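Comments concern the structure below.
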Amino acid sequence: MQRLTELATALGTFLGLLAVAAMAGPNMLPVHQRQKRDWIWNQMHIDEEKNESLPHYVGKIKSNVNRQNAKYVLQGEQAGKIFRVDADTGDVLAYERLDREKVSEYFLTALIVDKKTNKNLEQPSSFTVKVHDVNDNWPVFTHQVFNASVPEMSAIGTSVIRVTATDADDPTVAGHATVLYQMVKGNEYFAIDNSGLIFTKDKNLDRETRAEYKIVVEAQDAQGLRGESGTATVLIRLEDINDNFPIFTQSTYTFSVPEDIRVGKPLGSLSVEDPDEPQNRMTKYSIMQGEYRDTFTIETDPDRNEGIIKPTKPLDYELIQQYTFHIEATDPTIRLGYLSSTAGKNKAKIIINVLDVDEPPVFQRRFYHFHLPENKKKPLIGTVVAKDPDKAQRSIGYSIRKTSDRGQYFRITKQGNIYNEKELDRETHAWYNLTVEANELDSRGNPVGKESIVQIYIEVLDENDNAPEFAQPYEPKVCENAAQGKLVVQISATDKDVVPVNTKFKFALKNEDSNFTLINNHDNTANITVKYGQFNREHTKFHYLPVLISDNGMPSLTGTGTLTVAVCKCNEQGEFTFCEEMAAQAGVSIQALVAIFLCILTITAVITLLIFLRRRLRKQAHAHSKSALEIHEQLVTYDEEGGGEMDTTSYDVSVLNSVRTGSNKPLRSTMDARPAVYTQVQKPPRLAPSLHGGPREMATMIEVKKEEADNDGGGPPYDTLHIYGYEGTESIAESLSSLSTNSSDSDIDYDFLNDWGPRFKMLAELYGSDPQEELII
C-alpha cells in the first residue's frame, strides 16, 4: 500500500509540471531541437548446436548515418570471442557453436564510429542475442538409487515414493522438457504414474515371504528422447505388521522341579516362534485346562518373548507327584484381517514332575497365641505340634531359642508342651514372644539338620492385684486463716491393673478427727476441703492426711495414700506468702542396698586382683633382672683416680695378678662397701709362664678367651664387650703404660692377629710388623 501511495504522489508531481509548462506558452522556455537517431537491425536469434560450418550468421546492425568513413564495432563480454561484426556491412556472426543449456542469451552493445578518429557518430545501443532451444537433452533422475518402505499387506494403490527426473531443455518449448515415467522392472508388484509416484499393484506383499523389492524406472521426454542416465533404481522395503500367530516349538514340554521350590521362583521356560519382528511380538501365555491350573502361572519375558512358568502355591511331593495341563499362546495385538491359518500350532501340553526332597518339619499353625493368668503357674500353657512331611516320618524335638524374649521364664518338653517356670506379673510384662524350634531326630535322638521355627505369643491376663493409688504426687497447701469449706486440693486415682470403662474409685478419709473433710465427686475425683477453719502454724505446720482409695474389682482392693498439707501464711487476698519446706524423706529400699553392696564387693575384688597381679609382676621383674646378670658379660668400670703404682690399699690388685700367675688363692677385698664383681669373671689358665710376662702372656690370654667365646654354644646371640684388666708384670698392679708394647726389640710375632678377622685389624696394625721396615733393616 505504501508503494502505491509513493507512485501516486510521483505521478501527481509529474502532471503538475506538465500543466505549468503548458501555461507558460512557447515563448517562455527555450526549445532545443534533438537530432533524430535511428539504429536499424533485425531481431537477432540463433539456434543452439547448429550443424552448419562456422561462422554462423546471427543478424545485421545498421544505422542511418551514411558516411564513407563510418564503421561498426561490437562491445560486450563475448564480443570479439564468440560474436564479431563486419565493420562495413554490420553483419553479426557467431564463431562458436552455442549451447542454450549453458547460456541462453548474450548481451552486446553496437557502436558506429569514425574510422580515423574512432569517435562515436551515434550513441551506443544495446541489444540481445537469444539462443533458440533444440531438444538435445534427455531427462535425468535426481538420484540413481531411491530408498522407500511400505507396510506389508498394504492395499492396492498405496503410495510408496515419488521419484523425480529433470530435463535441461527449455520448458517453454512444447515437448522439450516434459518428462514421462515408466516401470522397466518390477511392474508386477508396483506401478508409476506420469508424476513419478510409485504405488502398489499387489495387496499380498508379505514381508515374511519377501522383505525387499528392487525395481527400475525410466524417464523420457515427450518426443521419446531417452539416455543412459534416464533410469533409476528404487529399493522398496516392506515394513512388518503383526500378522502372525506365535507357534510353539514343541507339542509337549516336560519339567522336573524339587518340591521345596520357592513360590514365585521360575521352574522352566516356554519358547515360541514368531516370524514377525521383535517389536510386533506380544505373546501371551495362558493355561487352558487342567485340574491344577491355579497352582501355576505363566509370565511373558518381554525381552525374549518366552513364557516363564512359576508356582503360585507350595508343592508337596507327598500329595501330588505330577501336574499335567494344556496351555495356549496368543497375541492380543495381532491384525486378524491378515492372519493365516495356524490351527493347533499355538497349543501345547505341560508336564511337571515333582521331585522328593528331605524337608524340615512343618508346624500345624503359622503362629501360636496362648493365654496365661498372672501370678499363677499353670500346669500347661499350650502345646505346639510339628510333623515330618516326608515319608520317613522322623520324630521331632522341640526347644526354645535363647534369643527369645525372656525365654528363661518358660520351658518346653519333648512333646511340645510349654510351661512357665515362675509366676508372671502382667504389670511388668504383658506379652512374651518365644521362638520355638523343631528339629528332626534320627533313631538315636540326634538332630539330622532339618529344623523349623514358629513364633509363640503368650499373653498374660490381668488380675486385680494392684490397689488404686494417687494419679500424681500432690503438694497441697492451706492458709492458716482458711475459712470453713475452703477447697484445699482435688485428687484423682489410677490403677496399674486393666481399668474397665465403668471403673469407679471410692475415696474416704482414714481418720475423721482432722480439720479436713473429703467430698467424693463420683467421677473418680474427690475434693479435700477445710472442715472447721483456722489452723495454728505455731502448733502444727504440716498435717498428714491418710486417704483410702478403693476400686470395684473382684475382689475389691483398697490402697492408702497420704497427703501432706502445709499450713502457710497468706495475705488478705488469700495468696500464700510463706510456707515451710517439708524435709525430704530419706529412705533407701532393700533392693537399692543390695545393689550398692554388690557394687562395693565387685570393686573390692577388682582392687585385690590388681594388687596381686602387680606384686606378681614385680617378683617376675626382679627374678628376670637377676637372671640377666648371670647371662650377660659384666662391664667393670673404674671411675676413680688411683694413688699410683705404690697405692695397693684402694684396690685389690691381686685380681689382676691372678690372671698372670694363675693363682687360685682367695681374693682380698679391701672395700666392704664395693664388692669386687669383676672377681666373678673366669680367668684364662696360664699355659707357660715366662720370666717377664709381657705381650706373649697377653696374646695367650686373648687367644684363650677367643677360643672360649667361639666354642661357647650357650652364649647370647649378640655382640658383647669383654674387658680384661691385665697390664703386665712390672709392678704389683703391673705396668699401666702401653708405650713399650710396640718396642722394636720384642721377639713376639703379632702377625697372627691378621688371621682373626676384621675385628682385630686395628690391633694387628699396632702390633704387627711392617713388611717395608723389615726390608729396610
Side-chain angles (χ1 to χ4, degrees), residues 255-267 291-292 294-296 310-323 352-426 429-461:
F255 303 97
S256 297
V257 57
E259 62 174 330
D260 61 348
I261 185 173
R262 189 174 66 252
V263 173
K265 183 179 180 181
L267 63 86
E291 185 178 357
Y292 305 104
D294 59 341
T295 308
F296 302 93
K310 298 180 180 180
T312 58
K313 296 180 179 180
L315 306 182
D316 192 348
Y317 173 82
E318 286 69 31
L319 296 178
I320 302 175
Q321 289 81 34
Q322 188 180 81
Y323 294 86
I352 299 177
N353 296 316
V354 181
L355 304 178
D356 187 23
V357 176
D358 189 4
E359 298 175 278
V362 178
F363 284 95
Q364 292 182 348
R365 302 181 189 177
R366 291 187 302 150
F367 65 90
Y368 291 85
H369 181 194
F370 299 131
H371 297 90
L372 174 64
E374 65 174 330
N375 305 320
K376 292 183 180 180
K377 288 187 63 175
K378 286 190 64 176
L380 176 64
I381 298 176
T383 302
V384 296
V385 178
K387 293 184 179 180
D388 182 8
D390 301 317
K391 290 184 177 180
Q393 293 293 312
R394 294 191 181 99
S395 59
I396 306 298
Y398 302 93
S399 61
I400 298 176
R401 285 193 172 180
K402 295 181 179 180
T403 57
S404 299
D405 181 21
R406 289 172 289 277
Q408 69 273 13
Y409 295 161
F410 304 90
R411 64 182 178 89
I412 188 171
T413 64
K414 295 181 179 180
Q415 293 76 27
N417 300 326
I418 300 176
Y419 301 90
N420 57 321
E421 294 288 345
K422 57 184 296 186
E423 297 178 359
L424 305 179
D425 184 10
R426 190 204 66 84
H429 296 288
W431 287 86
Y432 293 86
N433 301 327
L434 306 180
T435 301
V436 173
E437 181 179 294
N439 288 273
E440 291 186 7
L441 306 178
D442 57 14
S443 58
R444 297 181 179 180
N446 299 321
V448 298
K450 295 296 180 179
E451 62 182 32
S452 298
I453 61 174
V454 70
Q455 295 298 320
I456 310 296
Y457 304 104
I458 299 177
E459 181 182 1
V460 181
L461 302 179

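Below, all heavy atoms of this structure are taken into account, side chains as well, without hydrogens, waters or symmetry copies. No experiment lies behind these values; they were computed from the predicted model shown.
Considering all non-hydrogen atoms of both residues, P389 and E440 come closest at CD-OE2, 4.4 Å. In plain terms, the two heavy atoms of T435 and S404 that are nearest each other are N-OG, 2.9 Å. Closest of all the heavy-atom pairs between V357 and P258 is CG2-CB, 3.6 Å. Across all non-hydrogen atoms, the minimal contact from E318 to E359 is OE1-OE1, 3.7 Å. Between Y368 and T383, the closest heavy-atom pair is CE2-O, 3.8 Å. Residue L380 comes nearest to I418 through the heavy atom pair CD1-O, 3.7 Å, listed as atom of the first residue, atom of the second, then distance.
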Full working for side-chain contact (heavy atoms from CB on, under 4.5 Å) between L372 and Y432: CA-CA 10 Å; L372 174 64; Y432 293 86; over 6 Å; no

Worked verdict on D388 versus Q393 for side-chain hydrogen bond (donor to acceptor under 3.5 Å, both in side chains): CA-CA 5 Å; D388 182 8; Q393 293 293 312; 5.7 Å; no

From CA spacing to verdict: side-chain contact (heavy atoms from CB on, under 4.5 Å), L267, K310: CA-CA 6 Å; L267 63 86; K310 298 180 180 180; over 6 Å; no

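D294 and K313 are joined by a salt bridge, as a carboxylate oxygen and a charged side-chain nitrogen come within less than 4.0 angstrom of each other.
Aromatic ring orientation, Y398 versus F363: tilted (interplanar angle from 30° to 60°).
For the 3.5 Å distance criterion, the side chains of E423 and N375 fail to qualify, holding no donor opposite an acceptor. Side-chain contact of E437 with S452: a donor-acceptor pair under 3.5 Å is absent, judged by distance alone.
Partner of Y323 under the side-chain contact (heavy atoms from CB on, under 4.5 Å) criterion, out of N353, L315, V257: L315 alone. For the side-chain contact (heavy atoms from CB on, under 4.5 Å) with I458, the lone residue among F410, Y409, W431 that qualifies is F410. The side-chain contact (heavy atoms from CB on, under 4.5 Å) test with Y317 is passed by exactly one of D356, D260, L355: D356.
Between the T312 side chain and the T295 main chain, a donor and an acceptor come within less than 3.5 Å of each other. Side-chain atoms of Q364 never come within 3.5 Å of backbone atoms of V385 as a donor-acceptor pair (strictly under, hydrogens ignored).
Between D316 and E259 the shortest side-chain heavy-atom distance falls below 4.5 Å.
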